[in-house]
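For reference, the structure is listed below as structure tokens.
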Amino acid sequence: MTLSLFGDDDPAQPGRVVLGQQSVVLRGYALPMVDDLLGGVDDITAQAPFRHMETPGGYTMSVALTNCGELGWTTDARGYRYSRIDPQSGKPWPAMPDAFRRLAVEAAREAGFPGFAPDACLVNRYEPGSRLSLHQDKNERDYDAPIVSVSLGMPAMFLFGGDKRADKAARVPLFHGDVVVWGGVDRLRFHGVMPLKDMPHPRLGSQRINFTIRKAG
Ligand code: SIN
Ligand code: FE2
């Protein structure tokens with residue numbers, strides 16, 4: 001028997017951490033596709049580089065972001081929204097790489113959401129000290145589709161809370177290759193990421209790349 005490093009892995013379902021009724025971590029699910037995924041990140045960032053956007057409240061995000069797919073998530077002084085155009089280049093966001101779409105559709109099905117048809121992918125880059133405060137993903141047009149989140153590079157402590165900001169959040173370590181899926185009754189759960197510690201990853205160094213694949217339009 002293999003012992004889990006963390007007590008929260010479900011021994012009846014190895015490789016799965018159940019976060020809620022319709023939310024799960026699929027440990028290492030993306031590992032077989034890492035080369036394709038990182039190639040995809042390089043293609044995206046060659047056209048639409050990572051940048052630090054401003055929140056409506058006037059803060060500069062510590063996480064740098066870009067997007068691929070028909071719709072990209074943006075923030076500025078006027079608010080949060082999805083846009084077909086990268087405001088920095090004035091051009092459409094890069095296409096969503098096939099590997100991203102395939103992984104997301106398969107992971108969604110594995111988590112109980114068949115027929116996922118994503119049209120948007122937010123790519124986040126964390127450096128040591130970067131954090132993402134508790135928030136809900138609610139700029140999408142409807143909440144029928146799940147969110148599929150893929151982690152690469154340095155580990156992070158993911159916070160998965162309840163439907164209210166004040167609800168206590170579970171702390172879930174996420175590692176290179178892990179995929180989290182939440183949808184259905186869990187679609188609007190608050191979530192965030194604790195400030196990243198510097199634990200350089202053999203392949204990606206002192207960064208963590210996370211992408212969340214969504215149906216936004
Ligand atoms: C997000 O909520 O957009 C990102 C979550 C993560 O980085 O794990
Ligand atoms: Fe989010």
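In listed order, ligands and their atoms are each counted from 1. The analysis underlying the following values was restricted to heavy atoms, covering all of them including side chains, and did not include hydrogens, waters or symmetry mates.
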Among Arg27, Arg16, Arg208, exactly one meets salt bridge (charged side-chain N to carboxylate O under 4.0 Å, His left out) together with Asp178. Which residue is that?
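It is Arg27, the one option of Arg27, Arg16, Arg208 that forms the salt bridge (charged side-chain N to carboxylate O under 4.0 Å, His left out) with Asp178.
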Atoms of ligand 1 close to [X] [distance to a heavy atom under 4.0 angstrom, numbered from 1]:
X	answer
Val193	6 (C), 7 (O), 8 (O)
Arg214	3 (O)
His191	2 (O)

Compute the shortest N/O to N/O distance between Asp137 and ligand 1 and return yes if it is under 3.5 Å, no if not.
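The answer is no, given that Asp137 and ligand 1 share no N or O pair closer than 3.5 Å.
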When you compare ligand 1 with Tyr126, is there at least one nitrogen or oxygen pair between them that comes in under 3.5 angstrom?
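Yes, Tyr126 has an N/O under 3.5 Å of an N/O on ligand 1.
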Report the nearest protein non-hydrogen atom to [atom]: residue, atom name, distance rounded to 0.1 Å.
atom	value
atom 4 (C) of ligand 1	Asn210 OD1, 3.4 Å
atom 1 (C) of ligand 1	Leu132 CD2, 3.5 Å
atom 8 (O) of ligand 1	Arg208 NH2, 2.9 Å
atom 3 (O) of ligand 1	Asn124 ND2, 3.4 Å

So is Met157 touching ligand 1 or not, going by heavy atoms under 4.0 Å?
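It does not, in that no heavy atom of Met157 comes within the 4.0 Å cut-off of ligand 1.
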Heavy-atom distances under 4.0 Å are what count here, so tell me which part of Arg125 touches ligand 1: side chain, backbone, both or neither.
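For Arg125, no heavy atom sits under 4.0 Å from ligand 1.
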Heavy atom under 4.0 Å from ligand 1: found in Val63's side chain, backbone, both, or neither?
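No part of Val63 is near ligand 1 at this cut-off.
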Do the side-chain N and O atoms of [X] and [Y] include a donor-acceptor pair separated by under 3.5 angstrom?
X	Y	result
Asn139	Trp73	yes
Asp137	Thr212	no
Tyr82	Arg141	no

Electrostatic pair Asp186:Arg189 at N-O distance under 4.0 angstrom:
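Yes, charged N to carboxylate O under 4.0 Å.
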Is Asp86 salt-bridged to Arg51, going by a charged N under 4.0 Å from an acidic O?
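Salt bridge flag = yes for Arg51 with Asp86.
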Expected output: side-chain Thr66 to main-chain Val123 donor-acceptor under 3.5 Å:
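No.
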Salt bridge (Lys or Arg N to Asp or Glu O under 4.0 Å), that's the test. Do Asp142 and Arg187 meet it? Break it down for me.
CA-CA 10 Å; Asp142 62 58; Arg187 177 61 180 73; over 6 Å; no
For the Fe ion (ligand 2), give me the closest N/O/S atom belonging to His135, just the atom name.
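Of all N, O or S atoms belonging to His135, NE2 is the one nearest the Fe ion (ligand 2).
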Can you tell me the angle formed at the Fe ion (ligand 2) by OD1 of Asp137 and NE2 of His191, to 10°?
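Nearest ten degrees: 90°.
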Do the side chains of Asp98 and Phe100 get nearer than 4.5 Å, heavy atoms only?
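Side-chain contact under 4.5 Å: no.
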